[in-house]
Amino acid sequence: MELSKNYIPGQVEEKWNEHWKTKKYFKSLPPDQGGLPPEEGGLPTDNRPPFTVVIPPPNVTGVLHMGHTLNETVQDILVRNARMSGFNACWVPGSDHASIATEAKVVDMLKREKGIDKKDLSREEFLKYAFEWKEKYGNIIYNQIEKLGCSVDWDRVSFTMDDHYYKAVIKVFVDLYNKGLIYRGARMINWDPAAKTALSDEEVEYKDVTGKLYYIKYEIADERQSSTDNRQFITIATQRPETIMGDVAVCANPNDERYTNLKGKKVIVPLINKEVPVIFDEYVDKDFGTGILKITPAHDINDFNIGLKYNLPIVDTLNEDGTLSEAAQIFIGEDRFVARKKIVEELREKGLLAKEEEYQTRLGYSQRTNVVAEPKISTQWFVKMKGLAQPALEAVTSGNINIHPGEKFNATYKYWLENVKDWCISRQLWWGQQIPAWYDEEGRFVVAETKEKAKEVFNNQHSVANAQLKQDEDVLDTWFSSWLWPIEVFKGITEPGNKDINYYYPTSVLVTGQDIIFFWVARMIMAGMEYMNEKPFSDVYFTGMVRDKLGRKMSKSLGNSPDLLTLIHEYGADAVRFGIMISSPAGNDLLFDESSLEQGKHFNNKLWNAMKLLKLWEESSKFKVGSSKLKAEDRSQFAILWFQNRLIEVRHEVETLIKQFRLSEALKTIYSLIWDDFCSWFLEWIKPEYGKSIDKDVYERAVSFFDELLQILHPFMPFITEEIYHLLKERNDDLTVKQFVPVKQADKEYLLLGEKLKNLISAIRDARNKNNLKPKESISLFIETNDPSSYDSIKEILAKQTNADLILFNESPEGTSVMTVAGNEKIYIKSDAAIDTGVQKKKLTRDLNYLKGFLISVEKKL
RNA sequence: GGGAGCAUAGCUCAGUUGGUUUAGAGCAUCUGCCUUACAAGCAGAGGGUCCGCGGUUCGAACCCGUGUGCUCCCACCA
């Protein structure tokens, strides 16, 4: 077969994706369902432990950006590694209905493509369009996930608006309500007076603007002296004079001596002459403005909170369209900004405007209509969080759930849960699970899963024959559905105790972005503890944020995220996976740079060419079976022994690194093993002289080494490794489902050391003899140990492995040195006395590398 | 404003109990090579007060304090 000069990923990736899918390699079933039938690649009797991962569901109508790419790659590496390590690996794919984002998109699409306004549609009509949209665009992400090589179980695709999932969300709502954990309460929301609709926080855009600060004089009310001569005033600063009619109090800091004389007094709101009390609260900043604040609970979030604290009335002086309401008493029906001007004018005329000054401030604007958003009080649904937070906090502090990297996020997690606030779960949207609360005309309501049930309960409760009930218009926050994700993808809420949930829950590891630690991760833990009485996952791996070269978060609205399919097309999926993984340890941000994808592409090519070289040897060699016998001092023999040890060492290291979720280091280690040790060293050493053929035994060892390398690399770069695995030899099996042979503990460190020394010594001797080089006087090898008794075992091993005639340990001021004398060779092994802690294996490696370097120089002179 | 994190070569990043290191990789730059797996390669070179300052230590990129710059989450000040 003619092999191309360079590796071409396109068809290879498609081929293997198709093959893996046909073989159903990624399908997973609990063992009591008989596992997979053998013809579908399963084991006949499946007693493997489960390894479960649920994908953080991307927005259904979105596309994968580089942040997702990093997430999915990490998950796939863990899942494939688990699968090859003998686990029943199950990776559940899915998507999130993403209420706000999706609804905004659908609204936008309807307007642009069909000229339809949302307000001209009924709820049912709108939802029909939304589902159509989801059907049309919802598969884009699935296609991307597949192209990236993710080994998900496609039979388990879940969506947060699936029928069962919808029911689960409603069931949980009703349950929490019945437990008294859900309540209705007042809350400030942002209101768009132009669109006459509530805005989510995400839809409010803050802009820096130059506003004005008006200093308004409020008269101190004093019943005894009403003569105009003795009128006393306090001055209060405000940006929004049109809200003064909503004032219900003024507030100063209790420690502010300027105002202590106002205790128990009242002041008069100008223009409407309303008396309001003076109150005191630490919230007020003495140094800002005049140090005294007007309290307008209906029109400011902070005032609202203070109002709650002191039980103040709420006077809403604005209509839904931003004009002044009757409660304002004056300028009724005028637009808020027109009213502001007129009020300022009138205050000035009456001499109640002390001054006005320019002021830099931030104002919230509606993203939809670009008008200034208005804080407005509304009735919303809340979840009481304190009780739910406690077990979730314990799960992490007790170590039941491990966060990676923990040093970085444990504190954040703890802080948030200890200071948790109630969760507002209602959203003024249509796309999502509609709140199962049912109202009669008088505003009385019941909470129930269905209308029928609601009627029944309502009729009983209020002794009514046939109540006419209307469902709450609002839907639930997206996170109120996704917090059930690890449970309900296995139908743990709707069919508690089913086989899937029993087997797969708790899941093994959650891989997600650090930005949603509170929104999602903490809440999933709460839901898990509440509904399963068990954590939802054992480990959490936080990836960093992927940013562009300017350090900006990659997002669709900025358009700074490269298109994944374009990248895959250009570099290949393996190279994309490599590039995104190679330099992004857990929790560290990453400025995306295509040059690392370039590196991945080069690596592909290196692998490809190593394979080509082996194929070349296979075809050109004319060796007969058994014709070759390796001599001990043969350099190929040395190479084999040396690489064998490297392989054991690295496999062990990689296994440990993956267990610690240090994936980028694992990949780096493998990269260097393949490029430097295997290609640059091993293959060069066993390379036959020009015109000669390679020894069969050596060749076969090389192939088996390469097999093993491909296997270690496979979870990271599945396509090319599978391809090469099959090109190298005729195979009956696929790498994807091949099991790792466990690393044996028998490879004890000193034995390993001995092996190495032997190999090195014989190679040195070999190289010197061949080239008639004078032996160097000594080679230093640092051994650091605080355990003198280990000298004996080192000595023993050295004696055995090197056939040394003499082994000496010398104590000296610089350290202890070991000298071995084997034949004519003298090799000194020195230890550094300054080191007195622990056996430093690492340093050994360093000096072995030094020896390697020495060998290079010998070789080069050849 | 509250909380958390980051700062290492021109660029993107490694560097996990402080002593493998006169600080590494890839990309970029320069020099020499199309050598029979690989020019997407090989051999080599240049390039860094490990953000500033102070402290702990025999020893600090690493630990502590502090300043500066940037990022994220929460709250957004009359």
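Chain identifiers are assigned alphabetically (A, B, ...) following the order of the sequence lines, protein sequences preceding nucleic acid strands; residue numbering begins at 1 within each chain. Just so you know, these numbers come straight off a predicted model, no measurement behind them.
Between the C1' atoms of G48(B) and A61(B), the separation comes to 11 Å (whole Å). Taking the P atoms as reference points, A78(B) lies 26 Å from A4(B), given to the whole Å. Taking atom C1' in both C34(B) and A43(B), one finds a spacing of 14 Å when rounded to whole Å. Rounded to the nearest Å, the gap between the C1' atom of G2(B) and that of U8(B) is 31 Å. To the nearest whole angstrom, the two P atoms, one in A9(B) and one in G47(B), are 14 Å apart. The C1' atoms of G5(B) and G24(B) are separated by 24 Å, rounded to the nearest whole Å. With both ends at atom P, the span from A45(B) to G26(B) equals 13 Å, rounded to whole Å. A25(B) and G46(B) have their P atoms separated by 13 Å, with the value rounded to a whole Å.
In this structure, CZ of R662(A) is placed 10 Å from C1' of G15(B), rounded to the nearest angstrom. Rounded to an integer number of Å, the gap from L613(A) CG to G41(B) P is 16 Å. As rounded to whole Å, 12 Å separates atom P of C74(B) from atom CD1 of I517(A). Atoms NZ (K5(A)) and C1' (U36(B)) sit 12 Å apart, rounded to a whole Å. For the pair W520(A) CH2 and C73(B) P, the computed distance is 17 Å after rounding to whole Å. Rounded to whole Å, atom C1' of C42(B) lies 14 Å from atom CG of N605(A). For the pair Y413(A) OH and C74(B) C1', the interatomic distance rounds to 17 Å; values are reported in whole Å. Remark: C1' of G15(B) and CG of L657(A) are 13 Å apart, rounded to the nearest angstrom.
Nearest to the side chain of E684(A), among A37(B), A4(B), A39(B), sits A37(B). Looking at the side chain of T412(A), the nearest of the listed nucleotides A4(B), A40(B), A39(B) is A4(B). Comparing atom distances between the K601(A) side chain and each of A37(B), A39(B), A40(B) picks out A40(B) as nearest.
RNA chain B forms stems at B:1-7 with B:68-74, B:10-13 with B:24-27, B:29-33 with B:41-45, B:51-55 with B:63-67, each a run of 3 or more consecutive Watson-Crick or G-U wobble pairs whose two key distances fall under 3.5 Å.
Checked against F518(A) for a side chain to side chain contact (heavy atoms under 4.5 Å, CB included), the options W479(A), W416(A), W423(A) give a single hit: W416(A). Between F706(A) and the options L683(A), L728(A), L613(A), a side chain to side chain contact (heavy atoms under 4.5 Å, CB included) holds for only L728(A).
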Can you pull every protein N or O that's under 3.5 Å from an N or O on nucleotides 7-10 of chain B?
none

Under 3.5 Å, N/O pairs linking protein and nucleotides 76-78 of chain B:
unit_1	atom_1	unit_2	atom_2	d
C76(B)	N3	R362(A)	NH1	3.2
A78(B)	OP1	Q239(A)	NE2	2.6
A78(B)	OP2	Y359(A)	OH	2.7
A78(B)	O5'	Q239(A)	NE2	2.4
A78(B)	O3'	T238(A)	OG1	3.3
A78(B)	O3'	Q239(A)	N	3.1
A78(B)	O2'	A237(A)	O	2.9
A78(B)	N6	D285(A)	O	2.5
A78(B)	N6	F288(A)	O	3.0
A78(B)	N1	D285(A)	N	3.4

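In this structure, the side chain of D300(A) does not engage the main chain of T296(A) through any donor-acceptor pair within 3.5 Å. Here the side chain of Y671(A) pairs no donor or acceptor atom with the backbone of D676(A) at under 3.5 angstrom.
Mapping N609(A) and F603(A) onto RNA chain B via the closest heavy atom, the residue that lands nearer the 5' end is N609(A). A residue-by-residue look at M611(A) and E665(A) shows that E665(A) has its nearest nucleotide of RNA chain B further toward the 5' end.
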> How far apart are the C-alpha atoms of V250(A) and Y259(A), what are their side-chain angles, what is the distance that settles it, and do they pass the side chain to side chain contact (heavy atoms under 4.5 Å, CB included) test?
Replying inline: CA-CA 11 Å; V250(A) 299; Y259(A) 299 111; over 6 Å; no
> Can you list the steps and then say if E594(A) with Y571(A) is a side-chain hydrogen bond (donor to acceptor under 3.5 Å, both in side chains)?
Replying inline: CA-CA 10 Å; E594(A) 281 192 30; Y571(A) 296 97; 2.7 Å; yes
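At a threshold of 4.0 Å, the pair K668(A)-E665(A) does not count as salt-bridged, since none of the basic side-chain nitrogens sits closer than that to a carboxylate oxygen. A salt bridge is absent between E598(A) and K601(A); no separation between the charged side-chain nitrogens and carboxylate oxygens falls under 4.0 Å.
Annotation: side chain to side chain donor-acceptor pair (under 3.5 Å) contacts of N190(A) (sequence neighbours excluded): none. Applying the side chain to side chain donor-acceptor pair (under 3.5 Å) test to R240(A) and every residue at least two apart in sequence or in another chain returns E374(A). By the salt bridge (charged side-chain N to carboxylate O under 4.0 Å, His left out) test, D247(A) pairs with K294(A), sequence neighbours left out. Among residues two or more places apart in sequence or in another chain, the side chain to side chain donor-acceptor pair (under 3.5 Å) test is passed with E358(A) by none. Not counting sequence neighbours, R701(A) has no partner by the salt bridge (charged side-chain N to carboxylate O under 4.0 Å, His left out) test. With sequence neighbours left out, the salt bridge (charged side-chain N to carboxylate O under 4.0 Å, His left out) criterion links E13(A) to no other residue.
Counting only residues at least two apart or in different chains, salt bridge (charged side-chain N to carboxylate O under 4.0 Å, His left out) contacts with residues 569-578 of chain A comprise D76(A)-R577(A).
The base of C38(B) lies outside donor-acceptor range of the side chain of K612(A), with no N or O pair under 3.5 Å.
In this pair, F705(A) and F682(A) present their aromatic rings perpendicular. The plane angle is above 60°, beyond the 30 to 60° band.
Residue W675(A) has a polar side-chain atom (N or O) positioned under 4.0 Å from OP1 or OP2 of C42(B). Between C38(B) and K687(A), no contact under 4.0 Å exists linking OP1 or OP2 to a side-chain N or O. Look at K421(A) and you won't find any side-chain N or O under 4.0 angstrom from OP1 or OP2 of C74(B).
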>> So if I define the base as every atom that isn't primed, P, OP1 or OP2, how would nucleotides 25-34 of chain B read as a B/S/- string at a heavy-atom cutoff under 4.0 Å?
In response: -BS-------
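Of all the residues in residues 241-253 of chain A, not one reaches under 4.0 Å from RNA chain B with any non-hydrogen atom.
I580(A) and L597(A) make their closest contact through N-CD1, 4.4 Å (heavy atoms, listed as atom of the first residue, atom of the second, distance).
Contact of the Y725(A) side chain with the I720(A) side chain is not registered, since no non-hydrogen atoms from C-beta on lie closer than 4.5 Å.
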